[in-house]
Number of protein chains: 4
Amino acid sequence: MVVRNKDEAKREEIIRATVKLVNETGFASSSVAKIAEEANVSPATIYIYFKNKEELLVSTYVEIKQVMGRSLLKDFDETRPLRDILRTFWFNGVEFISRNQDVFQYSEQFSNSPYASLVKAEEVDRYFEPLLKVLNRGKEQKIIKEVPFEVLSAFVFHPMIILSKMNAHDDFKMDQENIDRSFTLAWDAIKF
Amino acid sequence: MVVRNKDEAKREEIIRATVKLVNETGFASSSVAKIAEEANVSPATIYIYFKNKEELLVSTYVEIKQVMGRSLLKDFDETRPLRDILRTFWFNGVEFISRNQDVFQYSEQFSNSPYASLVKAEEVDRYFEPLLKVLNRGKEQKIIKEVPFEVLSAFVFHPMIILSKMNAHDDFKMDQENIDRSFTLAWDAIKF
Amino acid sequence: MVVRNKDEAKREEIIRATVKLVNETGFASSSVAKIAEEANVSPATIYIYFKNKEELLVSTYVEIKQVMGRSLLKDFDETRPLRDILRTFWFNGVEFISRNQDVFQYSEQFSNSPYASLVKAEEVDRYFEPLLKVLNRGKEQKIIKEVPFEVLSAFVFHPMIILSKMNAHDDFKMDQENIDRSFTLAWDAIKF
Amino acid sequence: MVVRNKDEAKREEIIRATVKLVNETGFASSSVAKIAEEANVSPATIYIYFKNKEELLVSTYVEIKQVMGRSLLKDFDETRPLRDILRTFWFNGVEFISRNQDVFQYSEQFSNSPYASLVKAEEVDRYFEPLLKVLNRGKEQKIIKEVPFEVLSAFVFHPMIILSKMNAHDDFKMDQENIDRSFTLAWDAIKF
DNA sequence: GATGAATGAGTGTTCATTCAT
DNA sequence: CATGAATGAACACTCATTCAT
């Protein structure tokens with residue numbers, strides 16, 4: 001195992017503590033002092049790794065999005081049929097969210113908070129660029145409908161996210177069958 | 001003895017101030033003192049109309065959802081074809097959100113905050129019950145796919161919401177054409 | 001039964017509420033609003049009967065001391081032997097305190113608070129004047145020791161009070177035997 | 001402000017300020033903010049040294065009782081005659097109270113407040129254990145009356161306290177003669 | 001690099017009191 | 001006479017952040 005240097009380990013520990021605390025007690029009540037305690041460091045130490053609380057929260061969000069991007073594009077293979085690519089993406093998404101509920105919930109809270117405006121959309125979207133490319137190709141090849149990317153995204157990204165969220169909250173069971181069923185709807189929505 | 005002691009107008013003013021402040025400066029930084037100032041009352045006055053901050057925020061949310069429910073079901077007519085009913089709903093939604101961005105943004109922030117768990121889902125969902133009924137009828141008549149309500153909702157409610165949100169943030173323009181285009185995707189997703 | 005006029009009844013109700021609340025929740029947390037609620041009147045009403053909170057608390061104290069004075073001097077008969085007079089007083093005291101713990105506790109809290117200095121000692125002491133007279137006569141007749149009144153009081157009033165207080169707190173059982181025993185000590189202390 | 005380690009002196013200063021303020025303006029009006037000002041620290045600093053106001057008040061009380069216990073048992077010598085031991089105790093008590101009126105008044109206010117119930121009796125009583133032992137021996141040796149400890153205490157502790165209190169309030173002068181006289185009454189009360 | 005003590009400014013909430021009705 | 005709405009000031013307490021060590 002690669003031993004990361006001491007500093008990086010501590011930084012990660014602070015981020016882990018941030019996610020845990022926000023996930024458990026919410027955004028508003030996650031003070032720097034409590035995050036520090038959860039991370040077993042002094043509050044002052046946090047200010048060595050992050051300029052201020054805002055930067056801590058933003059960095060945490062960006063790192064989550066990075067990890068999430070990598071996970072959702074696992075097994076990405078642009079040579080396969082578009083439907084298969086999207087289906088893999090859909091399954092990856094459901095799996096990631098159900099396996100990383102804390103991290104995911106943090107990102108949802110964050111992106112609905114005023115902090116969200118501090119992160120430029122591109123900084124986060126670029127992780128999904130490969131997907132964007134194949135979608136565009138699909139449009140050109142008349143495999144999927146000729147509509148703006150945002151519309152496609154509203155039927156391929158967000159329904160998966162909302163269903164996974166329900167799954168995490170036990171409001172709905174995303175078993176194999178329901179994942180498949182729901183992907184069928186997504187594909188029917190966008191296919192030419 | 002019909003003397004209205006407490007002033008309904010003042011209560012509404014406090015709620016208006018709450019929405020405005022949350023909309024402008026975010027959830028976390030909307031303190032009771034600031035809300036009071038925006039509403040031109042003393043902080044103590046707020047506690048005459050609401051037991052505590054939590055109740056203020058929850059009441060505000062519930063009232064918004066009420067209004068929203070009424071607006072989205074405007075011109076609801078269960079005798080019309082299902083596609084028309086849903087299309088009207090889709091247009092109503094986009095219009096409501098673009099006309100009531102502040103109120104809508106409040107509800108989004110609220111439902112992603114830990115306060116959300118204080119509101120029972122049914123208390124909010126019941127405003128949409130008529131829609132639920134026609135969806136069930138559509139399933140029985142094989143007009144739309146036989147999938148759980150949650151899945152339908154993920155393709156009929158949420159894409160509209162997310163697209164309207166983008167519209168509100170000027171990330172995407174929901175003009176007449178795009179509303180129509182996107183509804184087509186929604187209908188293609190769920191139709192049998 | 002004599003019907004007191006409405007006003008006086010309300011005044012008594014406010015005082016009753018004050019005693020109850022202070023007895024149950026302490027001095028500091030007994031706000032005017034809570035007293036008003038307990039008395040089933042509006043906070044504003046209290047200010048009709050009492051100039052301010054201070055006057056309410058002081059009046060309550062003085063009235064308690066009045067009642068207490070009357071109770072402790074019940075069956076007072078200056079023609080009986082001094083020892084019998086004091087013994088009756090002692091028994092009356094124990095009985096009053098055990099029967100009126102709330103009222104008594106109020107008076108103890110009050111007299112150890114800074115409010116106490118608002119009540120002139122004489123205003124309270126005068127209820128015990130008959131006792132003072134017989135004590136003085138006892139000194140002249142060489143039945144009890146020739147020491148200042150305050151010293152006598154420290155051995156005849158206060159031990160009874162402190163033992164009754166322990167009784168009320170269940171720290172000590174003031175049964176018939178212990179009342180008698182302890183009075184014997186008091187008498188031995190002061191007798192010539 | 002150059003000392004950075006947790007400062008015992010600062011803790012003591014906060015306690016001193018607490019006693020002074022309570023002594024001067026009473027229990028109820030001694031807010032954390034005022035105590036902080038008197039101690040020349042920020043209100044927030046108090047919460048570094050004490051978990052909350054309650055703990056500050058209780059700690060202050062317990063420390064006072066410690067000091068008081070030590071002072072009252074000064075020159076305690078169990079080999080001397082019981083009467084002498086108690087007489088020394090009596091004199092020590094009067095002296096301590098007259099020299100430490102502020103501290104003593106604090107303890108009286110505290111023990112008549114609802115905070116009192118937060119301190120277990122034993123935690124405070126144990127400082128007086130040696131005295132308790134010699135009193136028990138006195139009972140066995142038929143030097144003093146065979147009555148419960150509480151009764152003895154009501155005639156040996158409390159009259160001294162009440163007389164000292166009067167002395168502090170200038171209601172009564174506890175000069176050498178009066179101390180001696182009053183002790184005689186105490187001894188007459190308990191002696192066999 | 002890491003710390004814990006320190007703090008001014010803020011938090012949500014309650015206070016005693018007033019006043020129009 | 002009696003009220004409930006209204007409030008500025010205060011409450012206990014926590015905050016994000018700094019700083020000497």
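Just so it is clear: chains get the letters A, B, ... in the order the sequence lines come, proteins before strands, and each one is counted from 1. These values consider heavy atoms only, across backbone and side chains, with no hydrogens, waters or symmetry-generated copies.
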Asker: Consider the side chain of D:K10, meaning its heavy atoms from C-beta on, and name the nucleotide among F:dT3, E:dA2, E:dA6 that approaches it most closely.
Answerer: E:dA6
Asker: If you compare every side-chain N and O of D:S42 against the phosphate oxygens of E:dA6 (OP1, OP2), does one of them come in below 4.0 Å?
Answerer: no
Asker: Using the benzene-type ring in the case of Trp, are the ring centres of B:F27 and B:Y106 under 6.0 Å apart?
Answerer: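 When the ring centroids of B:F27 and B:Y106 are compared, they turn out to be within the sub-6.0 Å range.
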Asker: Rounded to whole Å, how long is the line connecting atom CD1 of C:I14 with atom C1' of F:dA2?
Answerer: 11 Å
Asker: Under 4.0 angstrom, heavy atoms only, what part of the nucleic acid is B:S31 near: base, sugar-phosphate, or nothing?
Answerer: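 Sugar-phosphate contact only - B:S31 comes under 4.0 Å of backbone atoms but never of a base.
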Asker: A:K165 and side chain to side chain donor-acceptor pair (under 3.5 Å): which partner among A:Q101, A:E108, A:Q105?
Answerer: A:E108
Asker: With respect to the phosphate group of F:dC15, does any side-chain polar atom (N or O) of A:K34 fall under 4.0 Å of OP1 or OP2?
Answerer: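 Yes.
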Asker: If we call it a pair only when both distances are under 3.5 Å in a Watson-Crick or G-U wobble match, what pairs with E:dG8?
Answerer: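 Its partner is F:dC15.
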Asker: Round to a whole Å and report the spacing from CD of B:E8 to P of F:dG4.
Answerer: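 After rounding, the reported distance stands at 19 Å.
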Asker: Look at the side-chain N and O atoms of C:Y49 and state whether any lies under 4.0 Å from the OP1 or OP2 oxygen of F:dA2.
Answerer: yes
Asker: If you assign each of D:S30 and C:T45 to its closest nucleotide in DNA chain F, which residue comes earlier from the 5' end?
Answerer: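 The residue closer to the strand's 5' end, by nearest nucleotide, is C:T45.
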Asker: From the options E:dT7, E:dC15, E:dT13, select the nucleotide whose nearest atom is closest to the side chain of B:A44.
Answerer: E:dC15
Asker: Please state how far atom CG in D:N40 lies from atom P in E:dG8, giving the value in whole angstrom units.
Answerer: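 About 11 Å, once rounded to whole Å.
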Asker: Starting from the 5' end of DNA chain E, give me the residue, D:P43 or B:P43, whose nearest nucleotide shows up first.
Answerer: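 Upstream on the strand: D:P43.
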Asker: More 5' along DNA chain F: B:I46 or D:A33, using each one's nearest nucleotide?
Answerer: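 Upstream on the strand: B:I46.
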Asker: Provide, to the nearest angstrom, the distance between the CD1 atom belonging to C:I48 and the C1' atom belonging to F:dA2.
Answerer: 5 Å
Asker: For the side chain of D:N52 and the backbone of D:E55, is there at least one donor-acceptor N/O pair under 3.5 Å apart?
Answerer: yes
Asker: Sort out the partner of E:dA20 for me: Watson-Crick or G-U wobble, both distances under 3.5 Å, none otherwise.
Answerer: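 Paired with E:dA20, as far as the under-3.5 Å criterion goes, is F:dT3.
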Asker: Under 3.5 Å for both donor-acceptor distances, Watson-Crick or wobble: does F:dA10 have a partner, and if so which one?
Answerer: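 The answer is E:dT13, by the H-bond criterion.
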Asker: Roughly, in whole Å, what's the span from OH in B:Y47 to P in E:dT14?
Answerer: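 One finds 7 Å between P of E:dT14 and OH of B:Y47, rounded.
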Asker: Is the closest side-chain donor-acceptor distance between A:Q66 and A:Y127 under 3.5 Å?
Answerer: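 A:Y127 and A:Q66 do have a side-chain donor-acceptor pair below 3.5 Å.
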Asker: Report the distance from atom CD of B:E37 to atom P of E:dG12, rounded to the nearest whole Å.
Answerer: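 Interatomic distance, CD of B:E37 to P of E:dG12: 14 Å.
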Asker: Is B:K53 close enough to E:dT11 that one of its side-chain N or O atoms is under 4.0 Å from OP1 or OP2 there?
Answerer: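 So the side-chain polar atoms of B:K53 never come under 4.0 Å of the phosphate oxygens OP1 or OP2 of E:dT11.
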Asker: Any non-hydrogen side-chain atom of D:K51 less than 4.5 Å from a side-chain atom of D:Y47?
Answerer: no
Asker: Are OP1 or OP2 of E:dT17 and a side-chain N or O of C:K51 less than 4.0 angstrom apart?
Answerer: no
Asker: To the nearest Å, how far apart are A:F50 CZ and F:dT17 C1'?
Answerer: 16 Å
Asker: Scan C:V32 against the nucleic acid and name what it touches under 4.0 Å (heavy atoms): base, sugar-phosphate only, or nothing.
Answerer: base
Asker: Taking C:F104's backbone N and O only, do any of them form a donor-acceptor pair with C:S107's side chain (distance below 3.5 Å, no angle check)?
Answerer: yes
Asker: Would you mind reading off the distance between B:N52 atom CG and E:dT11 atom P, rounded to a whole angstrom?
Answerer: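 Result: 17 Å.
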